[in-house]
There are 2 protein chains.
Amino acid sequence: MRQDTRLSRLLHVLLHMAETDQPLTSQDIAAMLGSNAVVVRRIMAGLRDDGYVAAERGHGGGWRLVRRAEEITLADIYRSLGAPELFAFGLSNPAPDCLVERSVNATMDETIAAATAALMAKFTEIRLSDIQSDVAARRTRVAAGQEPR
Amino acid sequence: MRQDTRLSRLLHVLLHMAETDQPLTSQDIAAMLGSNAVVVRRIMAGLRDDGYVAAERGHGGGWRLVRRAEEITLADIYRSLGAPELFAFGLSNPAPDCLVERSVNATMDETIAAATAALMAKFTEIRLSDIQSDVAARRTRVAAGQEPR
DNA sequence: GAATCAAGTAACATACAAAGTATCTTGATA
DNA sequence: TATCAAGATACTTTGTATGTTACTTGATTC
């Protein structure tokens, strides 16, 4: 199944936004992502509505981060995307007549609920600033020739 | 994103197969699933190749379970499906030049790896026989009028 | 051995959501 | 007034599970 890359793309974008005071235009961001300015506006809209970024129009406009990297978790970003489906698998029929299928659904629902809770806990733990630390460490390794440029 | 319902469908089918000695034809199974005989053969092929079910052709043919319900876990079924993608989200670019994106990928990979391990552990714990117990309990509740027929 | 049944297989069609694209509007700045 | 950039709308593309048709292979029954 084709995968939803919005969360990963937003992390990438937000980290670049955190590294500069200059507003980034949708076009700039699209170039970073190998994508399209309209797609960028589409995936950024939720973050704007939730107050993590601000967009300004006209000359010198673009997107800015308006919260500190310590204050934004992966869970925040995920929710701003509208909390899309996390799992590639799911029930065939959510409300079947067949009793056997109802038991299958109950088992799957329980499994999915537990996995969702675990994943959301992880998302809540990870702050943008944690990834910034990883970037800094990676830059050091690259400078030391321990990781390809 | 549209979801992969093969795992859930196979559980449903295998439990019905476990309840009878009669072989079930692909057509019978398709009717249970509200699907198509060709789709059934497609999703059952892996289980046949892995020795969990057997298919026989001709008169009186069809699919039979050839392992006990205690001997089949959700993980077995998942693997027989070819271990399809578990998560609906993923990386945008698996091998980026951008250092920031590499850190994003590292973070996401780690999160996904942990969630995969947890989910597979759960899949390994759940046997077909566990769901059979739930079906039995559900039948009792339905007979007592505690759950809709 | 002819008819029938059912799995095996191949090729093609459909559905659907993320992603991509084109075009226009709104608002801000130079 | 021209230009820039977000906002918004409508449409297209893409990839994968699923659905469908048609044909082949193999087994059973009469």
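Below, read A as the first sequence line, B as the second, and so on, with proteins coming before strands; counting in each chain starts at 1. It should be emphasised that the depicted structure is a prediction, and the values quoted were computed from it without experimental measurement.
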Q) Within the modelled atom types, does a donor on one side and an acceptor on the other bring the side chain of B:Arg42 and the base of D:dT16 under 3.5 Å apart? A) no

Q.
Could you tell me if A:Asp76 and A:Thr73 have a donor-acceptor pair between their side chains, going purely by distance under 3.5 Å?
A. yes

Q: Would you mind reading off the distance between A:Phe89 atom CZ and D:dT18 atom P, rounded to a whole angstrom?
A: 13 Å

**Q.** Nonpolar side-chain network containing A:Val38, other nodes, edges under 4.5 Å
**A.** none

Q. Whole Å only: how far is the CD atom of A:Gln27 from the P atom of C:dT21?
A. 11 Å

Q: Looking only at side-chain atoms of B:Arg48, point me to the closest of D:dA6, C:dG8, D:dT18.
A: C:dG8

Q | Co-members of B:Leu99 in a cluster of I, L, V, M, F, W and Y side chains, linked at under 4.5 Å | A | A:Val142

Q | Phosphate OP1/OP2 of C:dC5: any B:Thr25 side-chain N/O under 4.0 Å | A | no

Q) Does any non-hydrogen side-chain atom of A:Ser8 lie less than 4.5 Å from one of B:Val104? A) yes

Q | Distance in angstrom units between A:Glu85 CD and C:dC16 C1', rounded | A | 14 Å

Q.
Using the ring pair (Phe, Tyr, Trp, His ring centres under 6.0 Å) criterion, which residues pair with B:Tyr78? Sequence neighbours excluded.
A. B:Phe123

Q.
With a 4.0 Å cutoff (strictly under), does any side-chain N or O of A:Ser26 reach OP1 or OP2 of D:dA5?
A. no

Q: Tell me which residues in residues 5-24 of chain B put a heavy atom below 4.0 Å from DNA chain C, sorted by number, or none.
A: B:Leu24

Q | d(CG, B:Leu81; C1', D:dT18) in whole Å | A | 14 Å

(Q) Let's see if you can work this out: which of D:dT20, D:dG15, D:dA10 has an atom nearest to the side-chain heavy atoms of A:Arg2? (A) D:dG15

Q: Sugar-phosphate atoms are those with a prime plus P, OP1 and OP2; base atoms are the rest. Using that split, label each nucleotide of nucleotides 22-30 of chain C B, S or - for protein heavy atoms under 4.0 Å, 5' to 3'.
A: B---BBBB-

(Q) Using the side chain to side chain donor-acceptor pair (under 3.5 Å) criterion, which residues pair with B:Asp28? Sequence neighbours excluded. (A) B:Thr25

Q. If you measure from CD1 on B:Ile131 to OG1 on A:Thr107, what distance do you get to the nearest 0.5 Å?
A. 4.0 Å

Q.
I'd like to know if the side chain of B:Arg127 and the backbone of B:Glu70 have a donor-acceptor N/O pair within less than 3.5 Å.
A. yes

**Q.** Under 3.5 Å donor-acceptor, A:Arg64 side chain and A:Ala54 backbone
**A.** no

